[in-house]
Every structure is written in structure tokens, then in C-alpha cells.
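Taking it in order: structure first as C-alpha cells, then the write-up.
Being a predicted model, the structure only gives us computed values, none of them experimental. Residues: numbered from 1 along the sequence shown. Every number for a ligand or one of its atoms is a count from 1 in the order of the listing.
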Amino acid sequence: MLTRFAPSPTGELHLGHAYSAALAHGAARDAGGRFRIRIDDIDGSRSREDYVAASLANLAWLGLDWDGDPVRQSSHLGDYAAALDHLRARGLVYPCFCTRADIAQSLAAPHGPPNASGGAVYPGTCRHLPAAERARRLADELHCWRLDMARAAALAGALDWEEAGQGMRAADPAAHGDVVLARKDAPASYHLASTIDDAAMGVTHVIRGADLIASTDVHRLLQELLGLATPVYRHHALVCGPDGRRLAKRDAVASLAALREAGVDGRVLAADLVRERLPAGYSLQTA
Ligand code: GLU
């Protein structure tokens, strides 16, 4: 068994991250397996080195020892580009020049259906651009790359995954529409980078928050298109604060740094979290 914890270094880790990391660490250690850290730092404008250092220091404080060096997504950009080339060669991706405002405008009337992640399904404006216009605009306009979902989903056929302890779940990637695989401002999207790295790291069990369960529809499709192995998934409950809302990086009181400063013993906290014993006021919410 190989599990991982994959923080994005865009803020301080909080109690919810500690819960997730403790579950992934515990599952690996209980099975005599390995636990690795991945730093999801492809978002160059929001990722910060001080958050990388703070995240590692907080994981060490929790006593969640990891195997090998932390992996950095920013050093795998060539892998993401190669995967995108492969999909491009098969006609499964297309460049999209739309701005957020363009998309909002084409969705304005009638309202497009929300996608499985709660956002709007891309209306497909750039999917059928004439070849000459596409070539001209590619040369001098900012663009992202989108998956041609209808083609990709038809090619892949029916997909499912094993949700630990719950059996097989059907994946519904089509509900997400033409998702972005490479962003205008980053060489890969979360979907592409995460799927490729989980496979490259040999992750056998992806243990992450229930807020990411919808993404698994897309990850499952990408695995199929790119010939990657499918791990088992466990999407765990989310930690909520005293106000009943799930924690966010802005919730400073629940930050691990604050708990540490308040004299909390990190190892005891991690051991409590895997047993679903949370500090007073906090609770777990199944999505
Ligand atoms: N880096 C992602 C986050 O912090 C988690 C990725 C994953 O677990 O798949 O939300």
C-alpha cells in the first residue's frame, strides 16, 4: 500500500488537513506500506515556499513521518506536457481562448447546467473553431486546453472505481463538460497533474476529502485515456468548525500553527484524529 498527502502550498494547514494526512499515514502504516508527501505547487502565482516549509514542519509536529523526499509537481511539468501532447495527437483536446466573461456571457441565457463540481459546464464555444482561425489565434492569444469530453467519454466507455469499504462507484465524467487540462496561467490543471502524479508515484490508495469526490469522475477518465493504473479511493468526511462550516485555509484559529503555539501535542492530536476524536467544537461532516 502506498498513500500520499498532497497539500497545495497556498496557505497554512488546518485541522482538516491534519485529519486527512493522519488517515493516509495511518492506512499506510497499518498495512506496512509507504506514505509519501506531494507538494501540489503548479499554481505559480499562489504557491509559496514559506507554506511548503510550514506544511512539512507541521506534518513532522504531528508525527506523520513520510517516506522518501516530498515530490514536487513543479518538477514534473514535462510529464504533464507529454500527456497533453498525447491527447492532442489523438484529437481529444482543443485550445480554448474564452475569457471568464466570454463564458459567463454565453451561459447567461439560458443558464447552462451546473457541472458535477458545482461550476458551469463550458458551453463549447471553441470546440468547433475553423482550423484556420484556431491556428491564427493559437499563435498570439492566451489559451487553455480543454478535453473534448464527448469524444473522450465515448472512447473510454463505462468507468467505475472502488470506493474503499463501499464497493464500486460509477464515474460520470460527462457531467463535467469540457474540463480544462492545461490552464492559461499554469501548464497543467489539478485534474491532469494529480492523475499523472498519483500513477507515477505508485499510489495504491488515494485518501482525500469528500469535497474532491466529483473530481474522481474526471481522474478516472484520464487514467483510461493515458493508460494509467486506477488506485482505490477513500473520500473522507470533512472537518467543520464551531460554526458548522467546513474549515478553510483562512480559518486561522484551526490552523496547525495556532494549535502548536497553544501547546497542543501534535502526536496526540494525530492519534486522536484517526480515531475521529476531534478537539471540542469541531465535528466531521459527510458530504
Ligand atoms: N492539492 C489538493 C488540495 O490541497 C489535494 C489533491 C488531492 O488530494 O488529490 O486540495
Contact between R4 and ligand 1, counting heavy atoms under 4.0 Å?
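Yes, R4 has heavy atoms under 4.0 Å from ligand 1.
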
Close approach of Y190 to ligand 1, heavy atoms, under 4.0 angstrom:
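Flag set, Y190 near ligand 1.
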
Reference residue D178; test side-chain hydrogen bond (donor to acceptor under 3.5 Å, both in side chains); the match among R151, R146, R127
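The single option meeting the side-chain hydrogen bond (donor to acceptor under 3.5 Å, both in side chains) with D178 is R127.
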
Classify the contact between H219 and ligand 1 as side chain, backbone, both or neither, using a heavy-atom distance cut-off of under 4.0 Å.
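No part of H219 comes within reach of ligand 1.
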
Could you tell me, atom by atom, which parts of ligand 1 come under 4.0 Å of a heavy atom of R208?
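So the answer, numbered in order with elements, is 7 (C), 8 (O), 9 (O).
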
Under 4.0 Å from a heavy atom of S194: give me the atoms of ligand 1 that qualify, with their elements.
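Reading through ligand 1 atom by atom, the close ones are 9 (O).
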
Among Ile, Leu, Val, Met, Phe, Trp and Tyr joined by side-chain contacts under 4.5 Å, find the other residues sharing a cluster with M168 and list them by chain and number.
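None; M168 is a cluster of one.
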
For atom 2 (C) of ligand 1, grab the closest protein heavy atom and report residue, atom and distance to one decimal in Å.
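Heavy-atom neighbour on the protein nearest atom 2 (C) of ligand 1: A6 O, 3.5 Å.
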
List the closest protein heavy-atom neighbour of atom 4 (O) of ligand 1: residue, atom name, distance to the nearest 0.1 Å.
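Residue, atom and distance for the closest contact: S8 OG, 3.2 Å.
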
May I ask you to check whether over 12 heavy atoms, not counting those of R245, lie within 6.0 Å of atom CZ?
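No.
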
Apply the test salt bridge (charged side-chain N to carboxylate O under 4.0 Å, His left out) to residues R29 and D67: give CA-CA distance (whole Å), side-chain angles for both, the deciding distance (0.1 Å), then the verdict.
CA-CA 11 Å; R29 295 294 179 244; D67 295 297; 3.1 Å; yes

Is it true that E49 and R72 make a salt bridge, defined as a side-chain N closer than 4.0 Å to a carboxylate O?
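Yes.
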
Residues in side-chain hydrogen bond (donor to acceptor under 3.5 Å, both in side chains) contact with S75, at least two apart in sequence or another chain
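side-chain hydrogen bond (donor to acceptor under 3.5 Å, both in side chains) check on S75 returns nothing, list empty.
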
For ligand 1, is there an N or O atom under 3.5 Å from any N or O atom of R38?
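R38 vs ligand 1: no N/O contact under 3.5 Å.
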
